[in-house]
**Q** 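One structure follows; several queries about it will come next.
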Protein chains: 2
Amino acid sequence: MRPTVHDIAAAAGVSLATVDRVLNQRPGVRLVTREKVEAAIRQIGYIRDVAAANLAKSRVYPLVFIVPTGDNSFMHGLRFEVHQATLRASIERTDIRIVEVPPFDVPALVAALDALQEQDIAGVALVATDAPEVRAAVDRLVSERIPVITLVSDLTDSTRHHYAGIDNIAAGRTAARLLGRFLGGREGDLTVLAGSMLVRDHRERLQGFSAVMAEEFPKLRLLPVLEGRDDPERAKSLVSKALSENKDIIGIYSLGAGNRGLIAALKAVRPERELTVVVHELTRHTRAALLDGTIDAVLNQDAGHEVRSAIRVMKATADGQAVIADQERIRLDIFLKDNLP
Amino acid sequence: MRPTVHDIAAAAGVSLATVDRVLNQRPGVRLVTREKVEAAIRQIGYIRDVAAANLAKSRVYPLVFIVPTGDNSFMHGLRFEVHQATLRASIERTDIRIVEVPPFDVPALVAALDALQEQDIAGVALVATDAPEVRAAVDRLVSERIPVITLVSDLTDSTRHHYAGIDNIAAGRTAARLLGRFLGGREGDLTVLAGSMLVRDHRERLQGFSAVMAEEFPKLRLLPVLEGRDDPERAKSLVSKALSENKDIIGIYSLGAGNRGLIAALKAVRPERELTVVVHELTRHTRAALLDGTIDAVLNQDAGHEVRSAIRVMKATADGQAVIADQERIRLDIFLKDNLP
DNA sequence: AAATTTTTGATTTACGTACATCAAAAATCG
DNA sequence: CGATTTTTGATGTACGTAAATCAAAAATTT
């Protein structure tokens with residue numbers, strides 16, 4: 001049987017009330033007594049029963065998710081997953097609020113974060129735009145002892161408690177190796193389609209991709225990055241133009257969203273041009289394109305896993321509890337047409 | 001606020017005691033009353049607070065993991081993860097027992113399963129050997145209303161409640177495509193190293209592998225399967241022999257354990273022979289071999305995830321609760337040297 | 001040493017559910 | 001109809017923790 005508060009009281013030779021005062025940091029306990037109780041807690045290895053405590057407190061965890069608006073499939077999926085989590089709210093004792101902000105809009109994101117100050121919040125998860133102002137706003141929340149988790153895209157040098165997302169440098173490196181190996185020893189040009197170089201995850205993917213290409217696939221030449229702004233129309237015209245102007249392009253790495261446009265551009269040149277294509281994010285469109293051979297591999301981060309992980313970590317952080325680190329590692333999923341879920 | 005038993009009682013116009021009798025299927029309730037209560041439960045959407053119920057019942061979930069002995073890295077890792085789970089037992093209200101049986105030993109496995117009959121067990125997870133006797137033993141447990149979960153390797157046509165493992169046909173197909181694409185358009189022979197064709201996961205991997213090879217990579221010829229019995233020594237000699245006798249071998253797929261021997265054999269011919277190699281299970285050895293270029297890709301199933309998932313599913317099944325299906329899907333991890341955890 | 005302040009103990013209620021007991025009411029039987 | 005059986009209600013305790021109140025004891029100040 002796991003020790004209870006009664007056992008601590010007995011072991012420390014104090015009353016239940018005193019143990020409670022120590023455990024919940026209530027005033028009116030002498031230092032010596034506090035230390036005696038703390039020693040007993042350590043000695044008998046007491047661990048608070050969070051379920052019982054939450055029951056007694058009628059605790060709910062008010063959580064806030066700050067996610068970008070915008071209609072690309074990935075963010076849509078992310079919002080969907082947060083919404084799914086709200087359906088489990090009563091069971092999980094969470095109270096989830098979704099705040100939407102325009103994408104890449106630093107002031108809006110800062111305003112959304114600052115609005116949470118002084119509020120009774122058990123945790124914030126945000127898709128970070130990597131800017132000093134955002135970092136400062138996050139640090140303000142952290143200094144108010146509010147758990148802050150970055151989701152999908154991390155924040156450089158901030159004091160956020162946790163990052164629920166993939167290692168984007170590793171993702172870029174992996175894309176490079178897949179593309180390089182799939183192309184055998186062929187020689188030619190490669191095009192990279194990104195969303196925006198303003199977000200950290202895209203920059204890091206490119207960085208990892210470039211590094212491996214330079215180190216290990218010298219026959220493949222990187223062309224200047226196309227910035228599609230995660231907009232399908234723009235992506236389509238950029239890719240179409242690049243393909244028609246340069247017949248040496250044999251591979252494409254799309255590291256952002258807006259793959260609908262890319263796929264349309266590819267289908268337009270499909271039977272003639274033989275292209276090896278690696279893209280990010282499994283969506284309805286990329287799944288279909290993978291199955292019909294338009295693209296060769298999809299790198300993915302599981303939005304559902306990210307949201308569930310963020311919730312677990314926020315709750316644990318709010319309670320000062322440890323998490324199972326392994327369980328909260330977000331993996332880079334690699335999908336070929338054969339292992340689609 | 002989420003409705004409680006009191007709310008049901010009020011809504012149904014009965015006492016708390018009657019609600020309790022209905023909820024816990026205790027006798028002494030007229031059919032009409034029971035239906036009235038059940039209607040109220042549905043109507044106000046009552047969901048039992050499992051945490052509070054477990055507190056009241058001082059419930060612990062006695063769980064049994066039946067895993068094969070044997071010193072290969074994967075099973076070692078699996079046992080390690082079960083052991084890790086025992087460390088969380090008091091927090092998770094589990095009481096985990098590990099039963100070890102010799103690998104591929106059907107009577108031993110059946111005996112271990114039958115020993116659990118009549119015992120007060122909240123769930124069983126087993127690494128199944130795919131035999132009719134095992135299936136029958138599993139079905140006996142299921143008919144006793146004990147939740148049964150297959151782990152890593154599934155059981156054909158049994159009534160087990162859940163399978164916590166990867167889709168092995170998809171794994172084999174994925175291995176084939178990786179190998180095929182990595183080999184570019186080259187022509188040559190492929191060797192497959194398996195553990196034993198008696199286990200279903202190995203058979204399925206081979207089946208998926210062969211299918212994709214036949215459909216899409218006609219220039220690559222499959223040699224007869226080498227059965228290494230998950231034994232490093234045997235694997236080493238089999239592979240060494242094959243490589244020296246057949247100079248046309250350009251690729252290897254190792255779909256079982258015992259990769260230590262394979263890696264030794266590869267290193268022995270390393271600078272001269274250029275081989276593309278895909279193996280299963282990320283271990284200390286395969287990780288090192290991936291990093292030093294001896295092998296090209298590792299397919300993996302996360303034993304920690306499998307064990308944690310199995311525990312969640314057993315608990316939920318014991319309580320008649322639903323699980324988050326997505327969360328319990330075990331993914332096929334693909335590791336290149338760039339995305340190692 | 002008395003007065004005051006601080007610390008500690010004892011006790012109670014609550015959270016949502018399980019489970020047991022006993023009495024009261026309703027249904028069924030002869 | 002009364003007697004018996006079945007069903008229902010009322011009530012209390014428990015699980016492990018939180019939180020509050022009031023009294024008692026100890027420490028500190030004057």
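Note on naming: letters A, B, ... go to the chains in the order of the sequence lines (proteins, then strands), and numbering restarts at 1 for each one.
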**Q** Check residues 87-96 of chain A and write down every donor-acceptor pair under 3.5 Å in which the side-chain atom is one partner and the other belongs to a residue at least two apart or another chain.
**A**
unit_1, atom_1, unit_2, atom_2, d
A:R88, NE, A:E92, OE2, 3.1
A:R93, NH1, A:R59, O, 2.9

**Q** Anything under 3.5 Å between a donor and an acceptor, one on a side chain of residues 73-83 of chain A, the other on a protein residue two or more places apart or in another chain? List them.
**A**
unit_1, atom_1, unit_2, atom_2, d
A:R79, NH1, A:P68, O, 2.9
A:R79, NH1, A:G70, O, 3.3
A:R79, NH2, A:G70, O, 3.2

**Q** Provide the full list of salt bridge (charged side-chain N to carboxylate O under 4.0 Å, His left out) pairs with a residue in residues 121-136 of chain B, sequence neighbours left out, each pair given once.
**A**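 Listed once each, the pairs are B:D130-B:R203.
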**Q** Taking side chain to side chain contact (heavy atoms under 4.5 Å, CB included) as the test, write out the residues that go with A:L16, two or more places apart.
**A** A:V5, A:H6, A:A9
**Q** What string of B, S and - do you get for nucleotides 14-27 of chain D, 5' to 3', when a contact is any protein heavy atom under 4.0 Å?
**A** -BBBSB-B-----S
**Q** Under the side chain to side chain donor-acceptor pair (under 3.5 Å) definition, can you give me all pairs with a residue in residues 113-129 of chain B, not counting sequence neighbours?
**A** B:R97-B:Q119, B:D114-B:R140, B:Q117-B:E144
**Q** B:R34 CZ to D:dT6 P: how many Å, rounded?
**A** 16 Å
